Asks: 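Take a look at this one; I'll ask things after.
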Amino acid sequence: MLHLAKDGIFPITKDKDGKLLKELPASGLHVPGTIQGEGKLNGIPSLFIRLAGCNLHCTWKTLAGNTCECDTAYAAFKVENSFSLPIREIVQIIDHNRGNIDHIVITGGEPFLQADKVRELCMQLKKEPHFHMTVETNATIYVEECAGMIDFFSLSPKLSGSVPPAPYADHHNNTRINIPAIQSFITHARENKKDFQLKFVYSGENDVIEIQALLRQLDGWTNEDILLMPMGATPEELNLSIPKTLEHCIRNGWRFCDRLHISLFGNKQGV
Ligand SMILES: Nc1nc2[nH]cc(C(=O)O)c2c(=O)[nH]1
Ligand code: SF4
Ligand SMILES: [Mg+2]
């Protein structure tokens, strides 16, 4: 069994028996699938699996001074309407919705909290015709057996700008950066000729200093692997932080990370 967030496997048009669902997916498109909206694989047709539960509690301050919680708090720390599915059923749903898609993205929440089951799921999905597997992780938990089944690692360590108010602050702060875990992901990717990205949310000037300090403690990356993503879950919020994010990307030689799914579909779950 895997514990899934309410948007679960998305976007889909058929159930586990191949029966057409009554409603169109949240994308509004007449096909199952979406595109990867963030990072090096941006634009690639993909199906997403969103797992429930996270070991962090990210809460940012926007440049306008408002509080901005994790955009998937419903999957992370305010879990609502989550559900469990046997791995066999997840594979059936994917099979009925795959079409010509060959990329699966496992996201959350924090997928490595369910590493053993994620590994089992990947083993099933990597049978012929096999899927390319991405995992979106906060990179605080490294499990070699599970990493071995993943093709692309989207590592998103959380900076001090993500620390929530009490009573969550201490746990979040003590957990959010795990240098040996981040390094293990990078080393595994390098040794196995896989790719990865280090994707940071830009929420203010201090982040850049922290990213530079973090990178000095890590080996095996180049500037092409470093992505800076504007903060925001709506086009309006993103527009506020895009200019500064761009400036810092250009100044440091880092890649700008768009959130294409938000400009294409808006601030919706399941897209
Ligand atoms: N289209 C699309 N691309 C994404 N890239 C990362 C996502 C995530 O929420 O982890 C995401 C998502 O939720 N949708
Ligand atoms: S690590 Fe990711 S999923 Fe977890 S609370 Fe932070 S932004 Fe949300
Ligand atoms: Mg996300």
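Just follow the structure's listing: the first ligand is 1, and inside any ligand the first atom is 1. Only a predicted model underlies this, so the values are computations on that prediction, with no experimental measurement involved.
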Asks: Hey, what do you get for CG (Asp151) to NZ (Lys193), rounding to the nearest 0.5 Å?
Replies: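 If we round to the nearest 0.5 Å, Asp151:CG and Lys193:NZ are 15.0 Å apart.
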
Asks: What residue and heavy atom of the protein are closest to atom 3 (S) of ligand 2, and at what distance?
Replies: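 So the nearest neighbour among protein heavy atoms is Gly109 N, 3.5 Å.
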
Asks: Could you walk me through whether Glu136 and Ser154 satisfy the side chain to side chain donor-acceptor pair (under 3.5 Å) test, starting with their C-alpha distance in whole Å, then the side-chain angles of each, then the deciding distance to 0.1 Å, before giving a yes or no?
Replies: CA-CA 5 Å; Glu136 303 268 347; Ser154 179; 3.0 Å; yes

Asks: Suppose I only count heavy atoms of Phe77 and a 4.0 Å limit; which atoms of ligand 2 are within that range?
Replies: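 Listed by number with element, the hits are 5 (S).
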
Asks: Please report the shortest heavy-atom distance between Leu47 and Ile101, naming the atom on each side.
Replies: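 Minimum heavy-atom separation between Leu47 and Ile101: N-CG2, 3.9 Å.
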
Asks: Which protein residues have a heavy atom under 4.0 Å from ligand 1?
Replies: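 Within 4.0 Å of ligand 1, protein side: Phe10, Thr34, Ile35, Gln36, Gly37, Glu38, Phe48, Arg50, Thr107, Glu136, His261, Val271.
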
Asks: Under a 4.0 Å threshold between the charged nitrogen and the carboxylate oxygen, would Lys16 count as salt-bridged to Asp95?
Replies: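 Result for this pair is no, no salt bridge flagged.
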
Asks: Throw together a table of side-chain donor-acceptor distances under 3.5 angstrom for residues 249-256, partners on residues two or more places apart or in other chains.
Replies:
residue	atom	partner	partner atom	Å
Asn252	OD1	Gln212	NE2	2.8
Asn252	ND2	His248	O	2.9
Arg255	NE	Glu224	O	3.0

Asks: Do we see a donor-acceptor contact under 3.5 Å between the side chains of Asn178 and Tyr142?
Replies: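 The criterion, which ignores hydrogens and geometry beyond distance, is not satisfied for Tyr142 and Asn178.
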
Asks: Shortest non-hydrogen contact from Phe131 to His103?
Replies: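 Where Phe131 meets His103 most closely, the heavy atoms are CD2-N, 4.0 Å.
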
Asks: Show me, pair by pair, the donor-acceptor contacts under 3.5 angstrom made by side chains of residues 166-173, not counting sequence neighbours?
Replies:
residue	atom	partner	partner atom	Å
His171	NE2	Asn55	O	3.0
His172	ND1	His57	N	3.0
His172	NE2	Ser162	O	3.3
His172	NE2	Ser162	OG	2.9
Asn173	OD1	Arg176	NE	2.8
Asn173	OD1	Arg176	NH2	3.3

Asks: With atom 6 (Fe) of ligand 2 as the centre, enumerate protein N/O/S atoms below 2.8 Å in chain and residue order.
Replies: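 Listed by chain and number: Cys58 SG.
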
Asks: His132 vs Phe152 aromatic rings, parallel, tilted or perpendicular, using cut-offs 30° and 60°?
Replies: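 Tilted, since the angle between the ring planes falls between 30° and 60°.
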
Asks: Calculate, to the nearest 0.5 Å, the distance between atoms CD1 and CG belonging to Ile35 and Leu260 respectively.
Replies: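 It comes to 4.0 Å.
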
